[in-house]
Amino acid sequence: MLGHYDNGIGKSWEDPNYMKFHNGGTVNFPYLSDGMWFLTQHRRWGLLDKDPDYLAVAKQINQIDLYKEAAAQLKVPLPASPMRSSTLIDGVKWDGSNPAAYAAGFAVKA
């Protein structure tokens, strides 16, 4: 989990993208876009029967103000925006700009 790997048969390597739980606050911020992405997956797999107001629900769940209050007390830096983009394993870019279209855009879904 620290990025130092050895496969036991002679190959070892360092992975700069190892599992990080805090990393100066960069990995545990409750991004609204991440919360919205989880909701798109619930929609995709039939756990939601219609598209919710993705942003409004993410704001209720992610509690960014509470995180900011704790971060300020600990002097943990905050990201510039509560939204971020990611290119996921399927090569599709997720940025939260159109979650309903994103959820509906999968060839494989419930």
Side-chain angles (χ1 to χ4, degrees):
M1 289 182 20
L2 297 175
H4 315 289
Y5 300 104
D6 185 330
N7 70 359
I9 57 172
K11 182 178 179 187
S12 61
W13 66 97
E14 300 292 317
D15 182 0
N17 296 311
Y18 61 91
M19 186 173 288
K20 299 171 185 170
F21 294 99
H22 185 259
N23 200 32
T26 61
V27 297
N28 61 347
F29 182 81
Y31 288 95
L32 294 176
S33 51
D34 291 5
M36 293 167 62
W37 180 85
F38 280 105
L39 288 168
T40 66
Q41 298 309 295
H42 283 76
R43 177 71 174 125
R44 174 185 182 183
W45 297 114
L47 300 171
L48 295 171
D49 61 354
K50 61 183 178 175
D51 290 304
D53 181 337
Y54 289 94
L55 182 58
V57 173
K59 284 180 177 180
Q60 288 178 336
I61 294 170
N62 285 26
Q63 300 295 307
I64 289 177
D65 289 338
L66 181 61
Y67 182 92
K68 286 180 177 180
E69 182 181 326
Q73 291 179 17
L74 298 170
K75 298 185 178 23
V76 172
L78 297 170
S81 172
M83 301 291 280
R84 65 177 172 176
S85 65
S86 302
T87 300
L88 304 176
I89 196 167
D90 59 5
V92 175
K93 182 178 179 183
W94 162 253
D95 64 8
S97 63
N98 193 343
Y102 180 84
F106 290 95
V108 178
K109 56 187 168 199

Give, for atom [atom1] of [X] and atom [atom2] of [Y], the distance between the pair rounded to the nearest 0.5 Å.
X     : Y     : atom1 : atom2 : answer
Asn62 : Phe38 : CG    : CZ    : 9.5 Å
Leu74 : Glu69 : CG    : CD    : 11.0 Å
Asp95 : Met83 : CG    : CE    : 7.0 Å

Minimum heavy-atom distance between [X] and [Y], given as atom pair plus value:
X      : Y     : value
Ala58  : Leu39 : N-CD1, 4.4 Å
Asn28  : Phe21 : CB-O, 3.8 Å
Arg43  : Leu48 : NH1-O, 3.1 Å
Ile64  : Pro82 : CD1-CB, 3.6 Å
Ala110 : Gly46 : CB-N, 3.7 Å
Phe29  : Ser81 : CE2-O, 4.4 Å

Note to self: Determine whether Val92 and Tyr102 satisfy the following criterion, side chain to side chain contact (heavy atoms under 4.5 Å, CB included), listing intermediate values before the conclusion.
What the structure shows: CA-CA 9 Å; Val92 175; Tyr102 180 84; 3.7 Å; yes

Go through Tyr31 and Trp37 one step at a time and tell me if the side chain to side chain contact (heavy atoms under 4.5 Å, CB included) criterion holds. CA-CA 10 Å; Tyr31 288 95; Trp37 180 85; over 6 Å; no

So, do [X] and [Y] sit near enough that their side-chain heavy atoms are less than 4.5 Å apart?
X     : Y     : value
Asp34 : Arg84 : yes
Leu78 : Tyr67 : yes
Asn98 : Tyr54 : no

Between the main-chain N or O of [Y] and the side-chain N or O of [X], is there a donor-acceptor pair closer than 3.5 Å?
X      : Y      : result
Lys109 : Ala104 : yes
Arg44  : Val108 : yes
Asn23  : Val27  : no

Worksheet item: Would one find more than 12 heavy atoms of other residues, nucleotides or ligands at under 6.0 Å from atom OH of Tyr5?
Response: yes

Please lay out, stage by stage, how Met36 and Leu55 fare under the test side chain to side chain contact (heavy atoms under 4.5 Å, CB included).
CA-CA 6 Å; Met36 293 167 62; Leu55 182 58; 3.9 Å; yes

| message | The test is side chain to side chain contact (heavy atoms under 4.5 Å, CB included); show your working for Thr40 and Trp94 and say whether it passes. | response | CA-CA 11 Å; Thr40 66; Trp94 162 253; 3.9 Å; yes

Original post:
For the hydrophobic clusters of this structure (ILVMFWY residues joined by side-chain heavy atoms under 4.5 Å, transitively), does one cluster hold both Phe106 and Trp45?
Top reply: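 No, separate clusters.
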
